[in-house]
Protein chains: 2
Amino acid sequence: MSLFSEVSTTDLVTQIARQITAAIVAGQLKPGERLTELQLSREFGTSRAPVREAARLLESQGLVTFSPRRGFFVRTFNATEMRDIYELRIGLELHAGCLAVERATEADIAGLEAQLSLLYQNQKGSQASLETQMFEDFTFHRMLCKAGGNARLLKVYDELAMEMRAGITLIGKLYDDPQRMAETHEPIMEALKKRDGEELREALRYHIAVARDEVVALFHEIEKGA
Amino acid sequence: MSLFSEVSTTDLVTQIARQITAAIVAGQLKPGERLTELQLSREFGTSRAPVREAARLLESQGLVTFSPRRGFFVRTFNATEMRDIYELRIGLELHAGCLAVERATEADIAGLEAQLSLLYQNQKGSQASLETQMFEDFTFHRMLCKAGGNARLLKVYDELAMEMRAGITLIGKLYDDPQRMAETHEPIMEALKKRDGEELREALRYHIAVARDEVVALFHEIEKGA
DNA sequence: TCAATGACGATTGTCGACAATTGACACTTA
DNA sequence: TAAGTGTCAATTGTCGACAATCGTCATTGA
């Protein structure tokens, strides 16, 4: 059986990149694992050329690394890199938040509230997989960034989100209490509704710093174990 | 004569990407211009494969755009995009500045002061081309970001810097008074030496906002003219 | 005159092939 | 035994070729 699900109808390179990305953030391809061009091309039923281009694309997004003459490997993260990623996220999201305070439409805010209620619903069915939780959480924060109205910022945020997902998958746990997870977003929502930039910054800073500390701590454990 | 200078001794794809990048930020390749694979491959004396990979790399960096079945084009910027870029830069650089306040070593600060004196020297010989000025200016700000000690942030900043260079080249003017340009960096330097985060943020915010307003205004003019 | 159509050249998308390089493993030698 | 050496399979780097597609431009018809 193939690791990758079926393709749809767009650019082949993009498709391949998407599929590899999905396999990485889902943890099917493990960090450090080698991506053999020939093997992947057989998986996709193509030649090596589009696979190489897709891999280069992912390299630029930080999901795979590349060594000349050795090939592509699923990127590994260490604690320092994860700290940098979350630290950068703080900078980006606080900035986006300030912009959103000025630019967010009522529709943006309504959308965020809807998304927040989704976070709460996740716990009821308890069917909510770690993956679903993670996705809904990221969606909330992405919507906030989008409300900032800066397309370039959003692009960076999306790349960062991919790396965070890949890193978190590596850990496995996290997100153990969906109820609390949803609640921690309330102060953010409140500050935005009041359009209070300073309060929003503080709420976001705290919220993300907590996540950062958790993730970084877990990575330190992993490194000690390894 | 070739647009591109001679190569050195590393990975071919990287080399090609570097050369195309140089041609773009130097304005030899104009925005909207088509990048024909065959033509470029002849320029470099290679086949199309490495050129394609290099172009895809540049696409991910935002220097060229790509339309399926139509090929690669030097990216065009409009006023909104330039605003977004500078706005994002503000967020990044202020964040990096705050980190630098805590993490910058004495060597970092000494390096920044040396770079600042370079900015002053630029005017003496008056040989200082627009390109040199721009480069020295960017180097200063990059060093500041580097002093923040966040590799991931620095990577984003570098990509952004490329886009800014490409955009500024498109304008042509700017940087007309080297003396004043150097002086405007003093408040930044002062705040960092005092390790006063809030003051540094304000100095940077003002400094970059001025640049942003100039650039965006010039782009609005261009758009009106076009 | 102008819009629609069709053919053609130019360019991209993908492929399979071959040379160059790497890493591993067996083999020699002290 | 341990270090060094040579060989070999596996993989990457690059190439040239061909089919698919796009844009252009002349032609046709009203």
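Below, chains carry the letters A, B, ... as their sequence lines are ordered, and counting in each starts from 1.
- Checked by atom type and distance alone, the side chain of A/Gln115 pairs as donor or acceptor with a backbone atom of A/Glu136 at under 3.5 Å.
- Below 30°, between 30° and 60°, or above 60°: for B/Phe140 and B/His185 the angle between ring planes is above 60°, a perpendicular geometry.
- Residues from residues 55-67 of chain B lying near DNA chain C, meaning a heavy-atom separation below 4.0 Å, are B/Phe66 in numerical order.
- Figure legend: cation-pi geometry between A/Arg56 and A/Phe66, with NZ or CZ positioned under 6.0 Å from the six-membered ring centre and within 45° of its axis.
- The distance from atom CG of A/Leu35 to atom P of D/dG13 is 13 Å, rounded to the nearest whole Å.
- As rounded to whole Å, 13 Å separates atom P of C/dT11 from atom CD of B/Glu33.
- Comparing D/dT12, D/dT14, D/dA17 by their closest approach to the side chain of B/Arg48 singles out D/dA17.
- As a whole-Å value, the separation of A/Phe72 CZ from D/dT12 P is 8 Å.
- Taking for each of A/Glu53 and B/Gln39 the nucleotide of DNA chain C with the nearest heavy atom, the 5'-most of the two is the partner of B/Gln39.
- Without hydrogens or angle criteria, A/Thr105 side chain to A/Asp108 main chain gives a donor-acceptor distance under 3.5 Å.
- Protein atom CG of B/Leu12 is 10 Å distant from nucleotide atom P of D/dG13, rounded to whole Å.
- For A/Thr36, whose side chain is taken as the heavy atoms from C-beta onward, the closest listed nucleotide among D/dG16, D/dT12, C/dC15 is D/dT12.
- Remark: side-chain polar atoms of A/Ser60 are not paired, donor with acceptor, to backbone N or O of B/Ser60 under 3.5 angstrom.
- Put simply, CD on A/Gln15 is 11 Å from P on C/dT14, counting in whole angstrom units.
- A donor-acceptor contact shorter than 3.5 Å links the side chain of A/Glu33 to the backbone of A/Lys30.
- Here B/Glu93 does not pair with B/Arg205 in a salt bridge; the nearest charged N to carboxylate O distance is not below 4.0 Å.
- Distance, A/Asp11 CG to C/dT12 P: 14 Å, rounded to whole Å.
- With hydrogens and angles disregarded, no donor-acceptor distance shorter than 3.5 Å links the side chain of A/Arg52 to the backbone of B/Glu53.
- To the nearest angstrom, C1' of D/dC15 lies 14 Å from CD of B/Glu37.
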Taking only nitrogen or oxygen atoms into account, show me every contact under 3.5 Å that the protein makes with nucleotides 20-24 of chain C, one pair per line with its distance.
{"from": "C/dG23", "atom 1": "OP1", "to": "A/Arg70", "atom 2": "NH1", "distance (Å)": "3.0"}

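- Residue-environment remark: CZ (A/Phe73) exceeds the threshold of 12 foreign heavy atoms within 6.0 Å.
- We find that CZ of B/Arg52 is positioned 17 Å from P of D/dG13, with the value rounded to whole Å.
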